[in-house]
*Asks:* 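My structure is below; once you've seen it, I'll send some questions.
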Amino acid sequence: MVGDDVLFLSVTELSREIRARRLSPVELTHSYLRRIKWFNERLNAFTTVTAELALEQARAAEREIQAGRWRGPLHGVPYGAKDLLATATAPTTWGAAPCRTQTFGRDATVIRKLREAGAVLLGKCAMIEFAGGLGYRFANASLDGPSRNPWGTDRWTGGSSSGSGAAVAAGLCGFAIGTETWGSILCPSAFCGVTGVRPTYGRVSRAGAMVCSYTFDKIGPLARSAEDCAAVLQAIAGPDPGDASASNEPLRLAGRVPRPISKLRAALVKMDYSKGGQPEAGAAFDAAVAELRAMGMRLTDATLPAIPAAEAAGLLITAEALSAFEPFYRDGRVKGLRDVYAPHQPEINAAATGADLVKAWRIRVKAQEAMAEFFSRFDVLVTPNFLSVAPPVTQDLYEALPYGDPVGAFGNLCGLPSVGLPCGFGRARMPVGFQVMGAPYDEATILDVAEAWQKRTGFHRERPPLRESPATAR
Amino acid sequence: VAAGSAAALVAPAATLAQTAKTTRRAARTPKSTAPSASRAEIEKQKQYVAQTLKAIREFPLENRDEPAFVFRPIKAGRARKGR
């Protein structure tokens with residue numbers, strides 16, 4: 001068995017050890033499985049652990065590497081996948097009680113690509129039911145209850161990629177795959193103190209993934225560093241005949257020459273912490289901005305376009321989700337969801353007309369045009385990633401997170417990439433994060449900033465105070 | 001969908017802070033929510049939807065402003081693959 005110091009290594013570091021045959025993928029997989037066994041009951045990070053498959057894949061990786069056939073930076077590295085990605089040999093529950101025994105008998109494209117890259121699937125990560133597409137008010141709107149935050153197990157991990165965030169933060173895997181319709185990668189990144197990338201819409205094929213919203217869903221990595229996210233994104237990106245939206249825009253992250261951040265034009269979009277935010281989180285963000293300036297970044301105050309992006313995104317996502325999950329309303333299975341208001345969403349949204357939907361689509365173009373103009377003046381946008389730390393698992397989330405998410409609204413309405421980065425700690429020593437958003441298909445630039453930030457700071461290397469004795473665990 | 005965003009699906013941002021103030025005392029877990037409380041919450045969420053629709057309806061657009069999706073006819077014998 002290998003120790004915690006190894007299990008918390010970045011993918012890049014694990015890969016270097018594995019390639020040099022100083023670290024056995026089989027031993028590493030056994031060690032992660034042991035750690036999952038220790039902590040999963042407390043954290044609810046994994047819904048299903050695929051131990052047999054993991055060990056089989058790890059043994060295959062070890063054989064290949066010993067034979068000199070190294071596939072790349074993910075070869076032999078164990079990971080977790082959000083439980084809305086179809087897997088041939090394990091249930092895919094979509095985080096929802098009515099789908100507890102659902103199987104597909106095939107792998108999603110992302111799972112296949114990671115298998116081909118030699119990564120080792122440890123299991124399926126817990127998530128908010130239906131990725132939150134039908135709304136949710138409490139963290140327990142999930143198959144087996146709320147995922148708990150490794151930094152404080154009385155607190156939530158964020159959602160909807162709840163288990164993915166917990167698994168990475170707790171050192172239960174090398175990296176995890178999450179999805180974002182609006183906020184579901186960036187939120188767990190912020191609350192769990194990990195690095196997450198929401199790619200450009202269409203960058204990663206969604207074939208074999210549950211649909212929450214046809215025109216908003218994105219798949220991306222959560223990991224312990226931006227460099228790791230780049231390695232994972234490179235492996236899963238690309239066109240796919242199984243997903244008409246998957247783009248063939250080139251992505252060249254490996255071996256790229258980073259742009260110096262002193263040469264970048266950066267927009268600083270400030271948030272109002274007085275409307276439900278926490279001053280400690282604001283202080284951590286202000287310190288991050290000061291550090292970015294000390295690194296040579298030229299940040300200019302900027303405002304978002306005066307367009308109702310949140311309203312348009314909200315209406316479109318709700319309408320698409322109601323359509324996507326229509327079979328569950330038709331046969332009554334929606335009543336099996338944990339959120340008591342989900343069955344009532346058609347009634348709640350009945351006032352929306354077809355004309356409203358078309359108008360939202362037209363507003364979407366206006367938002368895209370405005371953000372295209374915005375990114376003609378700026379290379380990146382820097383802004384907080386949530387204005388408060390992870391709330392207690394039992395708290396009403398409408399009460400806990402009362403502030404808006406205007407940058408997330410534009411980012412997801414326009415399909416823009418963003419990276420969430422840890423930048424300190426707030427109340428109860430829970431993690432605080434910020435984000436760097438970029439122009440469509442320009443993941444390289446936001447990752448340049450993220451990697452420069454993490455070379456300069458050590459927040460991404462902080463570990464939560466988990467102990468193997470439940471009596472001493474938080 | 002993240003939690004704050006999930007709230008935004010039914011409540012415009014401007015109303016969320018107000019919601020927090022009014023629900024602080026009444027916060028409860030879903031299982032303990034009585035039917036009448038559920039009905040009140042449903043009616044509240046309907047009001048949020050109405051405010052969302054108001055913002056969308058009042059945003060000025062010209063006749064020529066087109067929607068984001070592009071309709072493409074599919075040639076004979078060429079079925080488009082979905083997800």
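Quick note on labels: first sequence line is chain A, next is B, and so on, each numbered from 1. What's counted below: heavy atoms across the whole structure, side chains too, no hydrogens, waters or symmetry copies.
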*Asks:* Counting only heavy atoms closer than 4.5 Å, note whether A:I128 contacts chain B via side chain, backbone, both or neither.
*Replies:*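 For A:I128, neither part sits under 4.5 Å from chain B.
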*Asks:* When rounded to the nearest 0.5 angstrom, what is the spacing between CD1 in B:I56 and OG1 in A:T353?
*Replies:*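 Taking CD1 in B:I56 and OG1 in A:T353, the distance rounds to 9.5 Å.
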*Asks:* Can you find a heavy atom in the side chain of B:K44 that is under 4.5 Å from one in the side chain of A:Y398?
*Replies:*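 A side-chain contact under 4.5 Å is absent here.
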*Asks:* Give the minimum heavy-atom separation between A:Y136 and B:A2, together with the two atoms involved.
*Replies:*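 Heavy-atom minimum between the residues: OH-C, 3.2 Å.
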*Asks:* When only pairs under 4.5 Å are counted, which of A:G158, A:C187, A:S160 shares the most heavy-atom pairs with chain B?
*Replies:*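 Looking at each of A:G158, A:C187, A:S160 in turn, A:S160 comes out on top.
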*Asks:* Per the salt bridge (charged side-chain N to carboxylate O under 4.0 Å, His left out) rule, what does the pair list look like for residues 53-64 of chain B, sequence neighbours excluded?
*Replies:*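 Listed once each, the pairs are A:D356-B:R57, B:K54-B:E58.
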*Asks:* Nearest 0.5 Å, please: how far is NE2 in A:H344 from CD in B:E41?
*Replies:*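 These two atoms lie 10.5 Å from each other.
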*Asks:* State the CG-NZ distance between B:L61 and A:K359, to the nearest 0.5 angstrom.
*Replies:*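 Here the rounded value is 5.0 Å.
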*Asks:* When rounded to the nearest 0.5 angstrom, what is the spacing between CD1 in A:I348 and CD in B:Q47?
*Replies:*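 A:I348 CD1 to B:Q47 CD: 11.5 Å, rounded to 0.5 Å.
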*Asks:* Which one, A:T181, A:N412, A:T179, A:I363, leads in non-hydrogen pairs under 4.5 Å with chain B?
*Replies:*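 Most heavy-atom pairs within the cutoff with chain B belong to A:I363.
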*Asks:* Which residues pass the side chain to side chain donor-acceptor pair (under 3.5 Å) test with A:S161, sequence neighbours left out?
*Replies:*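 Listed in chain order: A:K82.
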*Asks:* Quick one: are B:E66 and A:V365 in side-chain contact, heavy atoms under 4.5 Å?
*Replies:*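 Side chain of B:E66 against side chain of A:V365, heavy atoms only: no contact under 4.5 Å found.
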*Asks:* For A:I185, which atoms come within 4.5 Å of any heavy atom of chain B: side chain, backbone, both, or neither?
*Replies:*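 For A:I185, no heavy atom lies under 4.5 Å from chain B.
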*Asks:* Heavy-atom pairs under 4.5 Å with chain B: which of A:L316, A:T109, A:I307, A:V358 has the most?
*Replies:*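 Highest number of heavy-atom pairs under 4.5 Å: A:I307.
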*Asks:* Of the backbone (N, CA, C, O) and the side chain (C-beta and beyond), which part of B:A50 lies under 4.5 Å from a heavy atom of chain A, both, or neither?
*Replies:*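 Neither part.
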*Asks:* Which bit of A:A306 is near chain B, if near means a heavy-atom gap under 4.5 Å: side chain, backbone, both or neither?
*Replies:*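 Contact with chain B: backbone only.
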*Asks:* Does any heavy atom of chain B fall under 4.5 Å from the side chain of A:Q368, the backbone, both, or neither of them?
*Replies:*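 Side chain only.
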*Asks:* Can you measure from CZ (B:F59) to CD (A:E311) and round to the nearest 0.5 angstrom?
*Replies:*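 It comes to 10.5 Å.
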*Asks:* Could you check which of A:G183, A:A409, A:P406, A:A367 has the highest count of heavy-atom pairs closer than 4.5 Å to chain B?
*Replies:*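 Top option by heavy-atom pairs under 4.5 Å: A:G183.
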*Asks:* Under a 4.5 Å heavy-atom cutoff, which of A:E347, A:Q395, A:K366 has the most pairs with chain B?
*Replies:*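 Maximum pair count with chain B is reached by A:E347.
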*Asks:* Could you tell me which portion of A:F386 (side chain, backbone, both or neither) has an atom closer than 4.5 angstrom to a non-hydrogen atom of chain B?
*Replies:*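 The side chain, not the backbone.
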